[in-house]
Amino acid sequence: IDVRGTLTCGHDVFIDVGCVFEGNVELGEGVRVGPYCVIKNSTLGAESVIDSHSVIDSTVAAGHNQIGPYARLRPGTRLAVKAKVGNFVETKNTRMGVASKANHLTYLGDAVIGSKVNVGAGTITCNYDGFLKYRTVIGEGATVGPFSYLRPGTRLGVGGKIGTFVETKNATIGAGSKVPH
């Protein structure tokens, strides 16, 4: 492994071959890091599993998380307990709630995702309309079908004005949907 900063590990941490740690990295107890991962300025909570070839930058994962393989977590990513970011999923400035998951082939940028949300493969949260950045909010228990396109500023399963979070739980979006804001 290559440590280019400070690496702090809890008990029973496993780090496979070819991993690079940059800046300040904290690994909680029982964390498992697969081969060829790059982790920079991040905190990964107890019992989290990071599968091979994942790149994690300026992220906080609460614990019992599943990340990768080939995941890319960019600055501002926050994962609650048991959240999953699967293979070929990219996040940026995104908060994922307890037990939420994006299993594969998804982009989640500038998003707030409630607890127990399932984001289908190939889904993207569009955060830029050509002029301004917007936040996408997905409420608790929502299911977003595969290959869905959530336009900038979409609020799925969340009522009220922007800034208020009156939940409409368990919203469902069908496969291939283009959801306006």
Side-chain angles (χ1 to χ4, degrees), residues 1-127 135-138 140-144 146-148 150:
I1 68 170
D2 186 351
V3 178
R4 302 174 185 176
T6 303
L7 174 60
T8 305
C9 297
H11 294 286
D12 299 321
V13 168
F14 174 82
I15 300 171
D16 212 325
V17 300
C19 293
V20 177
F21 300 91
E22 298 180 22
N24 294 314
V25 176
E26 295 180 36
L27 304 178
E29 294 190 14
V31 168
R32 301 186 62 76
V33 181
Y36 307 107
C37 292
V38 176
I39 302 174
K40 178 180 180 181
N41 294 320
S42 296
T43 300
L44 305 175
E47 304 299 326
S48 291
V49 175
I50 296 79
D51 288 325
S52 70
H53 298 88
S54 293
V55 177
I56 300 171
D57 184 2
S58 303
T59 292
V60 175
H64 298 272
N65 301 104
Q66 178 75 38
I67 300 169
Y70 296 96
R72 182 172 183 215
L73 281 61
R74 292 170 52 196
T77 298
R78 301 289 178 262
L79 304 179
V81 174
K82 296 184 180 178
K84 179 179 180 182
V85 176
N87 51 315
F88 301 103
V89 173
E90 180 177 359
T91 63
K92 181 198 66 87
N93 195 27
T94 293
R95 294 189 329 233
M96 287 188 73
V98 174
S100 285
K101 57 188 174 181
N103 285 317
H104 39 266
L105 304 167
T106 297
Y107 173 72
L108 302 172
D110 294 307
V112 176
I113 299 172
S115 62
K116 298 180 183 173
V117 170
N118 183 26
V119 179
T123 295
I124 60 170
T125 59
C126 304
N127 55 348
R135 180 168 301 284
T136 297
V137 181
I138 301 173
E140 179 181 341
T143 299
V144 180
F147 304 106
S148 293
L150 305 178

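When a residue number appears, it is its place in the shown sequence, counting from 1.
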message = side chain to side chain contact (heavy atoms under 4.5 Å, CB included), that's the test. Do Lys92 and Asn127 meet it? Break it down for me.
response = CA-CA 10 Å; Lys92 181 198 66 87; Asn127 55 348; 3.7 Å; yes

task = Check the pair Ile15 / Leu7 against side chain to side chain contact (heavy atoms under 4.5 Å, CB included), numbers first and verdict last.
result = CA-CA 12 Å; Ile15 300 171; Leu7 174 60; 4.1 Å; yes

query = Does the side chain to side chain contact (heavy atoms under 4.5 Å, CB included) test come out yes or no for Val33 and Phe14, once each step is laid out?
reply = CA-CA 6 Å; Val33 181; Phe14 174 82; over 6 Å; no

inquiry  = For Ile67 and Leu79: C-alpha separation, side-chain torsions, deciding distance, then whether side chain to side chain contact (heavy atoms under 4.5 Å, CB included) applies.
reply    = CA-CA 10 Å; Ile67 300 169; Leu79 304 179; 3.9 Å; yes

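Contact detail for Ser54 and Gly68: the closest heavy-atom pair is OG-CA, 3.4 Å. The two residues Thr77 and Arg74 come nearest to each other via the heavy atoms OG1-O, 2.8 Å. When all heavy atoms are compared, the tightest approach of Gly28 to Val31 is O-CG2, 3.1 Å. The nearest pair of heavy atoms linking Asp16 to Cys19 is O-SG, 3.5 Å.
Judged by distance alone, with hydrogens and angles left aside, the side-chain atoms of Ser115 form no donor-acceptor pair with the main-chain N or O of Glu140 at under 3.5 Å. Panel note: side chain Asn24, backbone Ser42; no donor-acceptor pair is recorded below 3.5 Å. Listed for the Ser100 side chain is a donor-acceptor partner under 3.5 Å among the backbone atoms of Val117. Remark: the backbone N or O of Ala83 is paired with a side-chain donor or acceptor of Asn65 at under 3.5 angstrom. With Thr94 contributing its side chain and Leu108 its backbone, the two residues share a donor-acceptor pair below 3.5 Å.
Arg135 is listed as a side-chain neighbour of Asn93, based on a closest heavy-atom distance under 4.5 Å. Counting heavy atoms from C-beta outward, His104 and Phe88 have side chains that stay 4.5 Å or more apart. The side-chain heavy atoms of Val17 and Tyr36, taken from C-beta on, include a pair separated by under 4.5 Å.
In this structure, CE on Met96 lies 10.0 Å from NZ on Lys101, to the nearest 0.5 angstrom.
Partner of Gln66 under the side chain to side chain contact (heavy atoms under 4.5 Å, CB included) criterion, chosen from Asn103, Val85, Asp51: Asp51.
At most 12 heavy atoms of other shown residues, nucleotides or ligands fall within 6.0 angstrom of atom NZ in Lys40.
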